[in-house]
Amino acid sequence: MPDNTNTPLLGKKPPVSRPKYQRRRSSFEASSYNSAGRSLSFNKKHLLDEDANLPGLNLLQMLCLTVCMAGVQFTWTVELSYGTPYLLSLDLSKEMTALVWLAGPLSGLLVQPLIGAFSDKCTSSLGKRRPFIIVSGILTCISMVGVAYAKEIGLAFAEFFNHDPDVIKRAAHSNAIIVAVTAFYFLDFTLNAVQAICRALILDIPPLWQQDDANAWSARMSNSAMVIGYFVGFVDLVKYLPWIGNSQVKVFCIVAIVVFLITLAITCVTTKEKVNDKKEDLDIHQAFRFLPRPIQTLCNTQFFAWMGWFPFLFYSTQWVSDIYFATHLSSEPEIPVDWAEGTRAGSFALLCYSIVSVLAGLAIPALVNYFKHIKCVNLLNIYTLSHFTVAIALISAYFVRTVTWATIVLSVMGIPWAIVLWIPFSLVGEYVSYEDEKRQSMISSTARAPSYAAVVAAGSSSEEERQESNDEFDAGMILGVHNMYIVFPQFAVAIVSSFIFAASDAIKDGKDKALSSVTPVLVFGGLMALIAAAFSRFIVRVTTL
């Protein structure tokens, strides 16, 4: 069990400047880290004094850099709050809807590592990240239009190829499903690309001692965008903005496009990147194969943690909606159910959840920093506690019978959500900070040392050091591989959910049956969170001496 020492990101400032050479794969042997996650050979006193005094980003620059994450998260709220109900409104089965969510893990598995690797080596005059943000952003807007106007596009195709009204009606319905599903897949791919590039940009621009601040502001932007997004989804948009569209989904998508474009434009215009003049071969396989041990232990936890989170993110709106309709039966059975009414109830619950996450995101880091002298108050203990909170909340969903209690359960989930957006990325930044400090120390010592050949002759170079001097990797690749452990469970949850839905629908009605077929999926997520809590106790941390 590793000793949970305080992170230097909460106290001491690591060096400001990054090494100008590319990051290399360091020694990944277990002996490189002791049980406390400390380096046995590195000492911070070797850092250059001038590096520690360089200025960082001011508040306005930090806000402009991280505001892109607000646009990304606001766009995600459209899919997360209206995706499942919208697809079900097109008469798509719950089993098929679960398979549609495979778009997320597929995009994360294919797009994010590749887009991160290509941008790492991009030599465009616009910078490494900006060209990919622009192209992916435009494609995301096109995808949103496809989601908003799936029925109209489907009808247009049906009328173009057919003339019989009955045939047009059937074809329009089928076409609408095809367009909607295709648009959702395309949206997942392009939005994942934008998110990956924005996270990489946040890793690139701030100096190392501001990485924790940058991650904190990124989380605040995301949480604030969730509050606004779920509030917008809860409001009857057609009533207030009828000139934009005649359905909730249409108006929501158009509003999201506007917010998305504005936030990306702010980041692209105000953030200055250095032109990358060195292009090398990609090495995704090597980065995945030789993942550093501290990152590997974090990734193991992240896998099961997100096995718990994705059922909640995918189906929480539908869960509240099902409970709403089960407890608000219509007095006139011949009147069709308005799916948007139940979805707004789900959006309100998610609004409460997002408000709690914003408050928790402001309070928890401040409390951790204030009480950091207390041994039990540290990132790993808080991270473990967040998994237990997720487990209790999701497992309790089985006993929920009212919309009020469902809203309370979702609100509680806002606390661990603030933590999952903060601590894992701080741990990644902690490792990057440690490696850069170590390498800067090596640079300064190498400048004063004899030649490499002389060092080898003297027997001072180990096999790991020789490998480190020859085998390079970019820290951005670590972030991409870390993200793959987030999208793998998304793929698994989409498949498992389809089987759970089928089994749940096969169960005969009874007094003990849950009000929603989504409930067993949430309970499954709670069980996965318990496993994540166990794995979190084995995370290895790196801190300076």
Side-chain angles (χ1 to χ4, degrees), residues 63-83 101 103-122 124 126-148 182-206 214-215 217-226 228-229 252-271 273 313 421 425 476-477 479-484 486-487 490:
L63 294 177
C64 290
L65 171 65
T66 57
V67 72
C68 59
M69 293 303 298
V72 171
Q73 187 61 48
F74 188 91
T75 307
W76 277 125
T77 61
V78 177
E79 184 173 359
L80 294 176
S81 61
Y82 276 82
W101 287 109
L106 286 175
S107 61
L109 183 64
L110 300 176
V111 174
Q112 291 210 15
L114 290 176
I115 205 75
F118 279 114
S119 66
D120 282 339
K121 312 304 177 185
C122 179
S124 170
L126 295 176
K128 292 195 301 182
R129 316 298 183 187
R130 190 180 288 109
F132 292 90
I133 291 179
I134 294 173
V135 174
S136 300
I138 293 174
L139 294 178
T140 298
C141 293
I142 296 174
S143 304
M144 294 285 286
V145 172
V147 172
T182 302
F184 268 107
Y185 264 80
F186 205 60
L187 176 62
D188 259 316
F189 274 71
T190 57
L191 193 53
N192 262 300
V194 176
Q195 180 173 273
I197 297 301
C198 288
R199 286 199 181 279
L201 188 65
I202 294 172
L203 181 67
D204 290 340
I205 302 301
N215 283 318
W217 275 111
S218 175
R220 290 168 189 147
M221 288 291 182
S222 296
N223 288 331
S224 298
M226 275 201 310
I228 299 172
F252 202 179
C253 285
I254 299 302
V255 171
I257 289 174
V258 174
V259 173
F260 183 71
L261 289 177
I262 291 175
T263 55
L264 290 191
I266 293 174
T267 297
C268 288
V269 171
T270 60
T271 301
E273 289 189 88
L313 296 175
L421 289 182
F425 293 99
M477 190 72 73
L479 191 62
V481 175
H482 167 259
N483 185 74
M484 293 177 71
I486 296 177
V487 300
Q490 189 176 356

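Across all their heavy atoms, L65 and C68 have their closest contact at O-SG, 3.4 Å. Contact record, M144 with A256: CE-CB, 3.5 Å, taken as the closest heavy-atom pair.
Looking at heavy atoms from C-beta onward, R129 lies out of side-chain contact with T271 at the 4.5 angstrom threshold. At least one side-chain heavy atom of L63 sits less than 4.5 Å from a side-chain heavy atom of M221. Side-chain contact between W76 and L313 is absent, with no heavy-atom pair separated by less than 4.5 Å. The closest side-chain heavy-atom distance from T190 to C141 is not below 4.5 Å. Using a 4.5 Å heavy-atom cutoff, the side chains of F74 and V255 are in contact. The side-chain heavy atoms of F252 and T77, taken from C-beta on, include a pair separated by under 4.5 Å. When side chains are defined from C-beta on, E79 counts as touching D188, because their heavy atoms get closer than 4.5 Å.
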**Request:** Please report the C-alpha distance between L139 and F189 in whole Å, then the side-chain angles of each, then the deciding distance to 0.1 Å, and finally whether the side-chain contact (heavy atoms from CB on, under 4.5 Å) criterion is met.
**Result:** CA-CA 9 Å; L139 294 178; F189 274 71; over 6 Å; no
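Formation of a donor-acceptor pair under 3.5 Å by the R199 side chain with backbone atoms of S218 is not found in this model. The main-chain N or O of L264 is never found under 3.5 Å from a side-chain atom of T267 such that the two would form a donor-acceptor pair. Remark: the backbone N or O of A70 is not paired with any side-chain donor or acceptor of S222 at under 3.5 angstrom. Proximity of a side-chain donor or acceptor of S136 to a complementary backbone N or O of I133 within less than 3.5 Å is not detected.
In this structure, L421 CG and M226 CE are separated by 6.5 Å, a value rounded to the nearest 0.5 Å. To the nearest 0.5 angstrom, L187 atom CG is 9.0 Å from N192 atom CG. Atom CD1 of I142 is separated from atom CZ of F186 by 7.0 Å, given to the nearest 0.5 angstrom.
Residue F132 forms a side-chain contact (heavy atoms from CB on, under 4.5 Å) with just one option from I197, V194, L126, and that option is I197. For the pairing with M69, the side-chain contact (heavy atoms from CB on, under 4.5 Å) check across T263, N223, I202, L201 returns one residue only, I202.
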